[in-house]
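Below is one structure, written out as structure tokens; the observations come after it.
Chain letters run A, B, ... following the sequence lines, proteins first and then strands; every chain starts at 1. Every heavy atom of this structure was used, including side-chain atoms; hydrogens, water molecules and symmetry mates were not. Since this is a predicted model, take the numbers as computed values, not measurements.
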2 protein chains.
Amino acid sequence: MNVLEKIVNSVANFSKSERKVAEVILANPQTTIHSSIAALAKMADVSEPTVNRFCRRLDTKGFPDFKLHLAQSLANGTPYVNRHVEEEDGPEAYTAKIFESTMAALDSARHNVDINAINRAVDVLTQAKKISFFGLGASASVAHDAQNKFFRFNVPVVCFDDIVMQRMSAINSAEGDVVVCISHTGRTKNLCDIAAIARENDATVIGVTAYDSPLARECTLVLSLDVPEDTDMYMPMASRVAQLVLIDILATGFTLRRGSKFRENLKKVKDSLRGSRFEKKDIPA
Amino acid sequence: MNVLEKIVNSVANFSKSERKVAEVILANPQTTIHSSIAALAKMADVSEPTVNRFCRRLDTKGFPDFKLHLAQSLANGTPYVNRHVEEEDGPEAYTAKIFESTMAALDSARHNVDINAINRAVDVLTQAKKISFFGLGASASVAHDAQNKFFRFNVPVVCFDDIVMQRMSAINSAEGDVVVCISHTGRTKNLCDIAAIARENDATVIGVTAYDSPLARECTLVLSLDVPEDTDMYMPMASRVAQLVLIDILATGFTLRRGSKFRENLKKVKDSLRGSRFEKKDIPA
DNA sequence: CGACTTATTGTAATTTAATTACAAATATGC
DNA sequence: GCATATTTGTAATTAAATTACAATAAGTCG
């Protein structure tokens, strides 16, 4: 596991001084791997043995071993950790933290997605007579986005963010229709109802939601995204980005399945937008 | 550059003993990073200073520094790159590629955002009498998302994805109002008009769009996101994710600026949603 | 509230590892 | 084949990390 993540995750078990060490390391990971234990101790304003104890607590053999692990974590260019935004953060700090948390979330999601489930979902979608995307609240915009994407495929696709419309649509669904329900928590009652109704009417229900949630239990097929935890700001952030990426993946799988001829069509759709846009001014060679 | 490659490439410049060291390292790189200089010297059947000289020849400061570089090379050195999806990619391949491209895009965006612009945007937003989010097509869902976020702040906020409504709204704007126009290319004619109209009516116009685009020129303040290029599938993918993250950042900046009292309110909004959800079953201690 | 216990942190000593300086050995050119 | 240059190793030195222990701070219970 990424050492940086490990530090963040086990910050609770740290003592006061150890936390100081953690902060300094998280702030300058790149510097850390080129510092001696003495230099780091000074930076964190603690004693050298404290740094050593800190390393041991993270299951490394000692400081040099810790640096090795740290170097490995930094190697893939990603010090992406889910760092929480703090009250006293300036624009620089919170901007960096949000970017990094989002990337960390994507990284985690990437390792946790069930490729088989994705493949089956693509199967189902390519064979759908009609596709509906339903989401409420923050997930509504994900549903909209999905509609926008699949609309380009010249497939019958609808999207509702209104429970009444969703309900009507679900009741009218039939065999061969696919309903995609999007909800991070999977605990939104209304959406669970919609999923149940759609299934009773023989539609295939794909859930983009948490594994083993009430919504998941109502679905034919679940695409779960394990995203660490959202940053403290009481609003969905990283989770929603992961959902979007999942939609991108489904859309991509869809176009690939449809073959190259189909993709030419896509290009036409894109080109058709040209009329509504200002031309890019030609740069003289 | 990858140290292992470097060893292979410069094997010509090595002396006999140095070559012995190189061989041992190439044969057991994983072991090497956990060995002392003495252990390695013994394995290669050379003296310790020879190992040290070997390290120096590879432009490292010494043996520990060399181990650090080696560790970095060994850590699955796949930095996130913008890999294009290919025709023959299976689910595994395109899933990985899309995740990685998105992360690469975010990484790039992170290094290119203008923190000052963000800070000023937050300034403007916190002082707004009314906030409007406008986007068309793929950017419409980003606008929706923004609305959802800022709505929680108990701020007058609207969002339209319909040019007629956008136009009416823009005409009715007044000093103190903030209009956020979202467009990846910044070349959507209709949206440029809206921006112009809003500005003529004394609203502050923030553009989430490409630098130096027609839309950018109509804005009071531009938040440009430099995202490499979208994957080949003829639809906006990474760019839109970057926009969403930018919205997250603005929303976060907003709440931080408003102070801790305000954030308690936010928690209340979140808690208010509880009634519409299934409770998480309590896990017995 | 104070004595006792436990946990945390730092100081100093010790050990270990890495580097340097120098000498021996090997190779290279004339 | 001798002189020079290069390579390699031995021993000494230095630097770094770790351990042992003492002091301080934080809890806990009477």
Would you indicate which nucleotide in [options] comes nearest to any side-chain atom of [X]?
X	options	result
A/Glu48	D/dG9, D/dT18, D/dT19	D/dT18
A/Phe63	D/dA17, C/dA18, D/dA11	D/dA17
A/Pro64	C/dT19, C/dG10, D/dA17	D/dA17
A/Ser15	D/dT18, C/dT9, C/dA18	C/dT9

Sub-6.0 Å ring centroid separation between A/Phe63 and A/Phe54
no

The residue, A/Lys20 or B/Ala38, whose nearest nucleotide of DNA chain C is more 5′ is A/Lys20

For [X] and [N], what is the distance between atoms [atom1] and [atom2] respectively, to the nearest whole Å?
X	N	atom1	atom2	answer
A/Asn52	C/dT8	CG	P	16 Å
B/Arg57	D/dT6	CZ	P	11 Å
A/Lys42	D/dA16	NZ	P	13 Å
B/Ile37	D/dA16	CD1	C1'	14 Å
B/Lys16	D/dT7	NZ	P	12 Å
A/Lys67	D/dA16	NZ	C1'	9 Å
A/Arg53	C/dG10	CZ	P	8 Å
B/Leu40	C/dA18	CG	C1'	13 Å

If only side-chain N and O atoms count, and only distance matters, is there a donor-acceptor pair under 3.5 Å linking [Y] with [X]?
X	Y	result
B/Arg120	B/Asn116	no
B/Arg257	B/Asn119	yes
B/Ser141	A/Asp145	yes
B/Ser47	B/Thr50	yes

Distance test, side-chain N/O of A/Thr50 to OP1/OP2 of C/dG10, below 4.0 Å: yes

| said: With a 4.0 Å cutoff (strictly under), does any side-chain N or O of B/Arg56 reach OP1 or OP2 of C/dT20? | reply: yes

